[in-house]
Amino acid sequence: MVISCTLTACVQKKGKAGKDDLTERTEQKDSTAVDFIASGFEDLGTSPNMKDIICQNWDFFEDARDAKYAEPSTNLEFVYRGYSLFSDGTLIKDPRGNMRFGKWSINDQVKPITLSFLLDKGETETYQLAYLAPYEMKLAKAGVDKKDIIDLRGEALRYKDIKNDPFYSSNNLWRLKPAKPETDDQIKARLKSCIHFFAMFYEHKIKAHAGEVIFIGLPSCFRWYSGAIYLQKKDALDYKWVNSFYDKEQAMKAYKFADKLMDTRFKWPKNEPNWLKMNLAVLRQMEAKLDTVSL
């Protein structure tokens, strides 16, 4: 139930592969300047444009802080809230939680500036923009005490092509529960989209030269380690991942496809010091190989 790199000193047993890397820190040994533009990003670090700065992925500061220092082996469910705001006016609320799709708009013609969110099922949220910088945004509801201001943190990066952002809506459709039972091919396609999402997530962290990589809150049937990818035990499956399918029976069929996929021998890159790049290479092979898997 594990894909593991034989070049690393990890124990290849189910549930054990060295350190659990849910909060793995990547070390950037290259001290040269990072060319974000070449990686397809817009660097918002020095942007003077308010609307550009707003269009990025924002995490609740307190949730990201707690997740960063959480014990990876714990089975506790973490609250990890946030907003992903895009230049086409779409948004995802809580991409690491009970994800909601929606649209956003800004009114900067009056003071204070307001942000309005229209979520699926007609729910609305309106905030005053209390503070904005490339890496930080603070939102407050009118009449609410300052203690309740939402403190959000971002990377000050956004994609020139928003469809390349792993949290863009089209890359998360697999997380929406279908209205009716699906065929085996559709179940497999949903699993493939899950794998594709994580390939995009890994690639994002590599290109962004992320200091740490946190998987908490992202629904998956897999567990991530440096130089190893495990299949979760059935009784430890993320409920959000199970709820991405029509019912539990169909989710378990997807699990069987994943189990069969893990029997494949994948090629791990040699002499690659970056565990993110190692896992990404295998994820891409998994995505391609899944089409040939049958039960």
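Taking every heavy atom of both residues into account, Pro134 and Trp58 meet most closely at O-CH2, 4.0 Å. Listed here is the closest heavy atom pair of Ser84 and Asn57: OG-OD1, 2.5 Å. Across Tyr80 and Ala64, no two heavy atoms sit closer than the pair OH-CB, 3.5 Å. Across Pro273 and Asn271, no two heavy atoms sit closer than the pair CD-O, 3.5 Å. Heavy atoms only, all atoms of each residue included: Asn171 and Asp165 are closest at ND2-O, 2.7 Å.
Between the CE atom in Met262 and the OH atom in Tyr230 there is a gap of 9.5 Å [rounded to 0.5 Å]. To the nearest 0.5 Å, atom OH of residue Tyr255 and atom SG of residue Cys221 are 8.0 Å apart. Residue Leu237 holds its CG atom at 5.5 Å from CE of Met252, rounded to the nearest 0.5 Å. To the nearest 0.5 Å, atom CZ of residue Arg81 and atom CD1 of residue Ile150 are 7.5 Å apart. Distance CD/Gln232 to CG/Asp259: 13.0 Å, rounded to 0.5 Å. Distance check, rounded to the nearest 0.5 Å: CD of Gln250 to OG1 of Thr183 gives 8.5 Å.
Ring geometry, His209 versus Phe36: the interplanar angle exceeds 60°, so the pair is classed perpendicular (tilted spans 30 to 60°). Below 30°, between 30° and 60°, or above 60°: for Tyr83 and Tyr127 the angle between ring planes is above 60°, a perpendicular geometry. Ring-plane geometry between Tyr202 and Trp275 is classed as perpendicular, the angle between the planes exceeding 60 degrees on a 0 to 90 degree scale with a lower cut at 30. Ring pair Phe167/Phe201 is perpendicular by interplanar angle, where above 60° counts as perpendicular and below 30° as parallel.
A 6.0 Å sphere centred on NZ of Lys160 holds more than 12 heavy atoms belonging to other residues, nucleotides or ligands. By the neighbour-count criterion of 12 heavy atoms within 6.0 Å, atom NZ of Lys177 is densely surrounded, having more than that number from other residues, nucleotides or ligands.
Contact check for Glu42 versus Ser47: no side-chain heavy atoms found under the 4.5 Å cut-off. For the pair Leu119/Leu91, a side-chain contact is recorded, criterion being any heavy-atom separation below 4.5 Å from C-beta on. Side-chain contact between Ile37 and Asp43: absent, with no pair of heavy atoms (C-beta onward) separated by less than 4.5 Å. Using a 4.5 Å heavy-atom cutoff, the side chains of Leu283 and Trp224 are in contact. Contact check for Met200 versus His204: no side-chain heavy atoms found under the 4.5 Å cut-off. You'll find the side chain of Met137 reaches within 4.5 Å of the side chain of Leu129, heavy atoms only. At least one side-chain heavy atom of Met286 sits under 4.5 Å from a side-chain heavy atom of Phe222. By the 4.5 Å heavy-atom criterion applied to side chains, Asn172 and Phe197 are counted as neighbours.
Of the possible donor and acceptor atoms, none in the side chain of Asp151 sits under 3.5 Å from a partner among the backbone N and O of Phe61. In this structure a side-chain-to-backbone donor-acceptor pair under 3.5 Å is present from Gln285 to Lys267. Between the side chain of Glu272 and the backbone N or O of Asn274 there is at least one donor-acceptor pair closer than 3.5 Å. Judged by distance alone, the side chain of Asn279 and the main-chain N or O of Ser226 form no donor-acceptor pair under 3.5 Å. Formation of a donor-acceptor pair under 3.5 Å by the Gln56 side chain with backbone atoms of Arg158 is not found in this model. Proximity of a side-chain donor or acceptor of Arg190 to a complementary backbone N or O of Trp174 within less than 3.5 Å is detected.
No salt bridge links Asp148 with Lys141; every basic N to acidic carboxylate O contact stays at or beyond 4.0 Å.
Pairs of residues two or more places apart, or lying in two chains, that qualify as salt bridge (charged side-chain N to carboxylate O under 4.0 Å, His left out) and include a residue from residues 286-295 are Lys192-Asp291.
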### Query
Passes side-chain contact (heavy atoms from CB on, under 4.5 Å), Asn107 versus Ser116? Steps please.
CA-CA 8 Å; Asn107 183 357; Ser116 297; over 6 Å; no
### Task
Go through the steps to decide whether Leu132 and Ile113 satisfy the test side-chain contact (heavy atoms from CB on, under 4.5 Å), and finish with yes or no.
CA-CA 11 Å; Leu132 181 66; Ile113 295 170; over 6 Å; no
### Message
Before you tell me yes or no, could you show the steps for Lys240 and Asp238 under salt bridge (Lys or Arg N to Asp or Glu O under 4.0 Å), namely the whole-Å CA-CA distance, both residues' side-chain angles and the distance that decides it to 0.1 Å?
### Response
CA-CA 5 Å; Lys240 294 192 298 294; Asp238 185 346; 3.6 Å; yes
### Task
List the steps and the verdict of salt bridge (Lys or Arg N to Asp or Glu O under 4.0 Å) for Glu182 and Lys253.
CA-CA 11 Å; Glu182 296 186 309; Lys253 180 164 285 189; over 6 Å; no
### Message
Please determine whether side chain to side chain donor-acceptor pair (under 3.5 Å) holds for the pair Tyr168 and Asp161, giving the CA-CA distance in whole Å, both sets of side-chain angles, and the decisive distance to 0.1 Å.
### Response
CA-CA 10 Å; Tyr168 188 63; Asp161 183 350; over 6 Å; no
Could you list the donor-acceptor pairs under 3.5 angstrom formed between side-chain atoms of residues 93-106 and any protein atom two or more places apart in sequence or on another chain?
from   : atom 1 : to     : atom 2 : distance (Å)
Lys93  : NZ     : Glu125 : OE2    : 2.5
Asp94  : OD1    : Gly82  : N      : 3.1
Arg96  : NH1    : Ile214 : O      : 2.8
Arg96  : NH1    : Ile216 : O      : 2.8
Arg96  : NH2    : Ile214 : O      : 2.9
Asn98  : OD1    : Tyr239 : OH     : 3.4
Arg100 : NE     : Asp120 : OD1    : 2.5
Arg100 : NH1    : Glu123 : OE1    : 3.1
Arg100 : NH2    : Asp120 : O      : 3.0
Arg100 : NH2    : Asp120 : OD1    : 2.9
Arg100 : NH2    : Glu123 : OE1    : 3.1
Trp104 : NE1    : Phe86  : O      : 2.8

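In this structure, Tyr159 has its ring center closer than 6.0 angstrom to the ring center of Phe41.
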